[in-house]
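Report on the following structure.
The figures here come from the full heavy-atom set of this structure, side chains too, leaving out hydrogens, waters and symmetry mates. Here is the naming used below: chain letters follow the sequence lines, and residue numbers restart at 1 for every chain.
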Protein chains: 2
Amino acid sequence: MDTRLIEKASGAIADKYRLQILVTLSEKGSMNSSDIQEMTGLSQPCVSHHVKTLIDSGLVNAQKEGRNLNISLNKEAIKDLSGFLTKLT
Amino acid sequence: MDTRLIEKASGAIADKYRLQILVTLSEKGSMNSSDIQEMTGLSQPCVSHHVKTLIDSGLVNAQKEGRNLNISLNKEAIKDLSGFLTKLT
DNA sequence: ACAAAACATCCAAACTTTTAAATGTATAGA
DNA sequence: TCTATACATTTAAAAGTTTGGATGTTTTGT
């Protein structure tokens with residue numbers, strides 16, 4: 001994992017709503033954008049933007065199922081980031 | 001480590017220069033602001049700002065020694081962040 | 001006491017991120 | 001086919017971040 005990826009992944013975590021999404025994904029396994037909209041109270045375009053940011057960061061995987069976009073944690077990416085941090089210590 | 005701290009620590013990592021500082025600290029142990037200025041080519045006020053951000057995030061420790069401000073990794077904080085991420089998986 | 005070095009603070013410009021309204025596209029169900 | 005639902009995109013405003021010049025403070029060495 002190069003530093004540009006670390007920077008991107010860290011940036012994805014560095015937001016209250018996206019962090020909430022990640023934590024909820026870790027508990028629930030998967031969510032779609034409507035679930036997130038309900039959970040956060042954010043507008044639909046805003047949720048769409050945050051979901052895109054998370055997908056682009058590599059921290060979550062996305063799977064289209066009909067009209068819904070289901071996202072789930074990319075555990076490998078999270079482990080990679082965690083491993084990078086551990087190596088700093 | 002509550003989510004506000006995770007958010008802050010992640011935000012501190014999510015910058016090219018601050019990440020470079022963290023990596024260099026992990027290699028060299030400690031640095032002062034002049035070292036960082038030389039390494040990055042950034043202006044002194046800009047370095048001062050980044051150093052402050054890192055200190056505020058809790059990821060680095062600071063120690064005034066005369067005119068110099070020596071910073072070093074707060075390994076516990078980094079391990080905490082890493083542990084938080086691992087728990088998500 | 002003076003000059004230089006190291007860092008902090010203030011300020012403003014440039015840039016990026018966050019947010020939502022309006023609108024567009026695709027799918028599911030009647 | 002029509003309607004409703006789910007999500008994406010465009011656009012623009014508001015807020016936040018990054019950056020460096022100017023200036024202030026503290027400490028060190030002469």
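- Formation of a donor-acceptor pair under 3.5 Å by the B/Thr86 side chain with backbone atoms of B/Ser82 is found in this model.
- Of the possible polar contacts, one joining the A/Ser43 side chain to the A/Cys46 backbone as a donor-acceptor pair under 3.5 Å is found.
- With hydrogens and angles disregarded, a donor-acceptor distance shorter than 3.5 Å links the side chain of B/Asn74 to the backbone of B/Gly58.
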Nucleotides 3-15 of chain D: protein proximity per nucleotide (B base, S sugar-phosphate only, - neither; heavy atom, under 4.0 Å): -BBSBBB------
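- No hydrogens or angles considered: nothing links the side chains of B/Ser10 and A/Ser10 as a donor-acceptor pair under 3.5 Å.
- Using a 4.0 Å cutoff to heavy atoms of chain B, the contacted part of DNA chain C runs 5' to 3' from C/dA4 to C/dT9.
- Contact between A/Leu88 and B/Val23 at its shortest, heavy atoms only, is CD2-CA, 4.0 Å.
- Residue pairs meeting the side-chain hydrogen bond (donor to acceptor under 3.5 Å, both in side chains) criterion with at least one member in residues 17-38 of chain A, sequence neighbours excluded, are A/Arg18-A/His50.
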Intermediate values then yes/no, side-chain contact (heavy atoms from CB on, under 4.5 Å), A/Thr40 and A/Val47: CA-CA 8 Å; A/Thr40 59; A/Val47 168; 4.1 Å; yes
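- Between A/Ser57 and A/Ala9, the closest heavy-atom pair is CB-CA, 4.2 Å.
- Positionally, the nearest nucleotide of DNA chain C for A/Thr53 lies more toward the 5' end than for the other of A/Thr53 and A/Glu65.
- What separates NZ of B/Lys8 from C1' of D/dG16 is a distance of 15 Å, to the nearest Å.
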